[in-house]
Each structure stands twice: as structure tokens, then as C-alpha cells.
Amino acid sequence: VEGLKPGDIAAPGYMYGGKVDGVVYYVCQATKESVWELPSVDHLAAVMATKSRDPTATLKPGDLVAPGFVFGGYSQGIPFYVCKETGKSVWELPGSSPSSSRGS
């Protein structure tokens with residue numbers, strides 16, 4: 001984060017927002033909501049893949065992001081995914097984080 005100014009791209013789909021009480025936050029470009037942590041590498045890769053096909057495109061609900069999973073949208077700036085087989089939503093794509101059991 002060293003050298004970034006508010007508004008600079010920090011990761012695909014996220015801008016550096018600044019610091020509050022010394023803690024860094026980011027801004028989701030799709031929702032303009034602030035988040036304390038960047039999403040998983042898998043989500044950032046899906047955003048990059050979408051932008052590589054069309055630099056002006058954004059990841060849309062229903063876009064395939066991993067085998068069997070589609071992008072569900074954002075909740076308070078945090079991405080979630082939907083299992084095509086069960087219809088259940090998850091915060092992390094399988095295998096991307098130990099917290100993948102947190103569903104909605």
C-alpha cells in the first residue's frame with residue numbers, strides 16, 4: 001500500500017481508499033462501498049478475466065467464476081458466489097480460504 005493515494009487502483013475492481021486510525025481500507029468500484037480487506041485472489045482473478053475480454057466490462061451476477069459457481073453480486077462491497085447445483089450462496093469460492101463454510 002506504500003505509495004498509493006486515495007483513488008489509485010489497489011487490485012482489480014478495488015481502489016485504495018486511505019487509512020482510518022492507521023488501518024487501510026479499500027473501495028469497491030462496482031458498489032462504491034468501503035471494505036477493510038481485499039477479496040480472495042480467486043475473485044480478483046475473475047475480475048481480471050472479465051476485464052481482459054472487455055476493459056470496460058464488470059463482473060455481473062450470473063457470470064461463471066469457477067467450475068459450478070457463478071458470481072452472485074456484492075453485499076456491502078464484499079463479493080459472494082452461488083453454487084449452480086444447490087443455489088446456496090457462499091462468501092469464498094471452494095479452496096480459496098478456510099472461511100469458505102460461511103454461507104448466507
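In terms of heavy-atom proximity, Val82 sits nearest to Gly72 at CG2-CA, 4.0 Å. Between Pro61 and Gly73 the shortest heavy-atom distance is CG-CA, 4.3 Å. When every heavy atom of Val24 is checked against every heavy atom of Tyr16, the shortest pair comes out as CG1-CE1, 3.6 Å. Nearest heavy atoms, Ala46 versus Val65: CB-CG1, 3.7 Å. The two residues Cys28 and Gly77 come nearest to each other via the heavy atoms CB-O, 3.9 Å.
You'll find the side chain of Val90 reaches within 4.5 Å of the side chain of Phe69, heavy atoms only. At a threshold of 4.5 Å between non-hydrogen side-chain atoms, the residues Tyr81 and Ser89 do not count as touching. Two residues are said to be in side-chain contact when any heavy atoms from C-beta on lie closer than 4.5 Å; Leu44 and Met48 fail this criterion. At least one side-chain heavy atom of Tyr14 sits under 4.5 Å from a side-chain heavy atom of Val35. Put simply, the side chain of Glu92 does not reach to within 4.5 Å of the side chain of Phe80, judged on heavy atoms.
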For Phe71 and Val47, run side chain to side chain contact (heavy atoms under 4.5 Å, CB included): C-alpha distance rounded to whole Å, both residues' side-chain angles, the deciding distance at 0.1 Å, then the answer. CA-CA 10 Å; Phe71 178 61; Val47 171; over 6 Å; no
Go through the steps for Lys84 and Val70 under the test side chain to side chain contact (heavy atoms under 4.5 Å, CB included), then give the verdict. CA-CA 7 Å; Lys84 289 174 67 172; Val70 295; 3.7 Å; yes
Set out, in order, the CA-CA distance, both residues' side-chain angles and the distance that settles side chain to side chain contact (heavy atoms under 4.5 Å, CB included) for Leu4 and Met15, then state yes or no. CA-CA 9 Å; Leu4 288 180; Met15 297 178 296; over 6 Å; no
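Under a 3.5 Å cut-off, the side chain of Tyr25 and the backbone N or O of Gly17 do form a donor-acceptor pair. In this structure a side-chain-to-backbone donor-acceptor pair under 3.5 Å is missing from Ser75 to Ile78.
Note that the OH atom of Tyr74 and the CD atom of Gln29 stand 9.0 Å from one another [nearest 0.5 Å].
In terms of hydrophobic clustering, with Ile, Leu, Val, Met, Phe, Trp and Tyr side chains grouped at heavy-atom distances under 4.5 Å, Tyr26 and Leu59 are assigned to a common cluster.
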